[in-house]
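The next block holds one structure in the form of structure tokens; read it before the comments.
Whatever order the structure lists them in is the order used to number ligands and atoms, beginning at 1.
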Amino acid sequence: MDLALSAQDEAFRADVRRFLDEKLTPDLREAGKKTGGVLSDPPATTKWHKALYEKGWIAPAWPKEYGGPGWSEMQRYIFSSECARAHAPLLPNFGTRMCGPVLMKFGSPDQKAFYLPRILSGDDYWCQGYSEPGSGSDLASLQMKAVRDGDHYVLNGTKLWTTHAHFANRMFCLVRTAQTAKPQEGITFLLLETSTPGFEVRPIITLAGDHEVNQCFFDNVRVPVANRVGEEGQGWTIAKYLLEFERGNAYAAALQAKLAAVREAARTERSDGAALADDEDFKRKLAETDIELQGLMVTEHRVMSQLAQGQNPGPASSLLKARGTEMSQRITELGIEALAFYIAPFEPEARKQGANVKPVAPAHGLVMMPQYLNSRAATIYGGSSEVQRNIMAKLILGI
Ligand SMILES: Cc1cc2nc3c(=O)[nH]c(=O)nc-3n(C[C@H](O)[C@H](O)[C@H](O)COP(=O)(O)OP(=O)(O)OC[C@H]3O[C@@H](n4cnc5c(N)ncnc54)[C@H](O)[C@@H]3O)c2cc1C
């Protein structure tokens, strides 16, 4: 595979850089730089979403007919690399990467016409209601009940670890509509508004001190049958399709930017005359990580070219998910090594956008510890590494 940029791609990159220079205002860059977790928070994400929407760049992977920009896989890669390099806020992707593709494939014409434009414009903020206490890896065991009552379903139960439910006005979720011998067959996929009476969100604070995840409670929440995607009992098929997109993320571009930050930290951190960046052992670790990142990037290109030909990512998405998140953890570990004793201060206030608290850690170190702590969860959410390896063993290696 020739990874050198063509003249056309070089011109595209220049275009993207011009756009980022103009639209990525200092407050947005600050929000991006201070993000210790997977996603940045509103209002920065709302503002950045709007800027990308107005440019027609908010859903890089969507087909043109639904409002995508019609980019090649290389253009998409360039775009995400440049956004990472420029510290753009990390946008939630529950609408564009998860619910959107599901609606395109399984949604009714009315659902597509209503929801897809709202995902693009940012009018709706989605969250994902899959996991429950005791039903994460074993998702098919989920118990949240949806009982039919006329033209509504009545929902009772709970969803756990729901990322950004406290910002979301809509949730796509899996519910149990029947107790079947095969648990997968009794699952249905529903869309709901978080303002529906009986729906409650309670925060869970992460190790890094952030409010990212929640537990959601449902007490007789009434959801119109018209909000069902696909048929009753088809939820498992839809859920699996969605998970391929959730796991088939491109990690390499953002990880390269993180590795660059680690290099930078290693050049400046030590005061005993020799920087950590000159240490042979650390240099070897950086080089090994860099080489593995190149491997990940090539694999991502391969999967993205399948997507460009209209295929879905398939089980290769498990490979990307496992490798991408494990590499993310490794890079944050190198960051901790480079940052040395500056990892100690716990400074969530200094990470707030517009904060006037002077951080103890150097600017580049402010998020390294939160990112390290946050990335511990990366090999769990979206399906744990062990579960991804089971999928690879079964569907890729055939064992
Ligand atoms: C930060 C964070 C954000 C999340 N966001 C969301 C969200 O927005 N929406 C949502 O629906 N869910 C979300 N989740 C939930 C996530 O998908 C689950 O945590 C995940 O699927 C693991 O399930 P579990 O927590 O129940 O762990 P368990 O399934 O109980 O797993 C515990 C351990 O057992 C191992 N294990 C389980 N089964 C097997 C097996 N068959 N073979 C080998 N090992 C196995 C696992 O690898 C893990 O190490 C989030 C989780 C986290 C931590």
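An N or O contact shorter than 3.5 Å is missing between E132 and ligand 1 by distance. At a 3.5 angstrom cut-off on N or O pairs, Y381 does not count as close to ligand 1. Considering backbone and side-chain N/O of Y130, one or more are found under 3.5 Å from N/O of ligand 1.
For H166, the ring pair (Phe, Tyr, Trp, His ring centres under 6.0 Å) partners are H164, H211, not counting sequence neighbours.
Annotation for E232 and R228: closest pair N-NE, 3.6 Å, computed over non-hydrogen atoms. Of all non-hydrogen atoms in K112 and L103, the two that sit nearest each other are CE-O, 3.3 Å.
Counting heavy atoms under 4.0 Å from ligand 1, residue T206 does not touch it at all.
The aromatic ring centroids of F106 and Y241 lie less than 6.0 Å from each other.
Here R351 does not pair with E349 in a salt bridge; the nearest charged N to carboxylate O distance is not below 4.0 Å.
Nearest-heavy-atom check against atom 23 (O) of ligand 1 across G136, G129, C127 picks out G136. With distances taken over non-hydrogen atoms, the option nearest atom 5 (N) of ligand 1 out of T163, V213, T162 is T163.
Close contacts of ligand 1 with S384, meaning ligand atoms under 4.0 Å from a residue heavy atom, involve 46 (C), 47 (O). Residue-ligand proximity, S137 to ligand 1, at heavy-atom distances under 4.0 Å covers atoms 21 (O), 22 (C), 23 (O), 28 (P), 29 (O), 31 (O), 37 (C), 38 (N). Remark: ligand 1 atoms within the under-4.0 Å shell around heavy atoms of G382 are 17 (O).
Using a 4.5 Å heavy-atom threshold, the side chains of L52 and K55 count as separate. When side chains are defined from C-beta on, I187 does not count as touching L139, because their heavy atoms never get closer than 4.5 Å.
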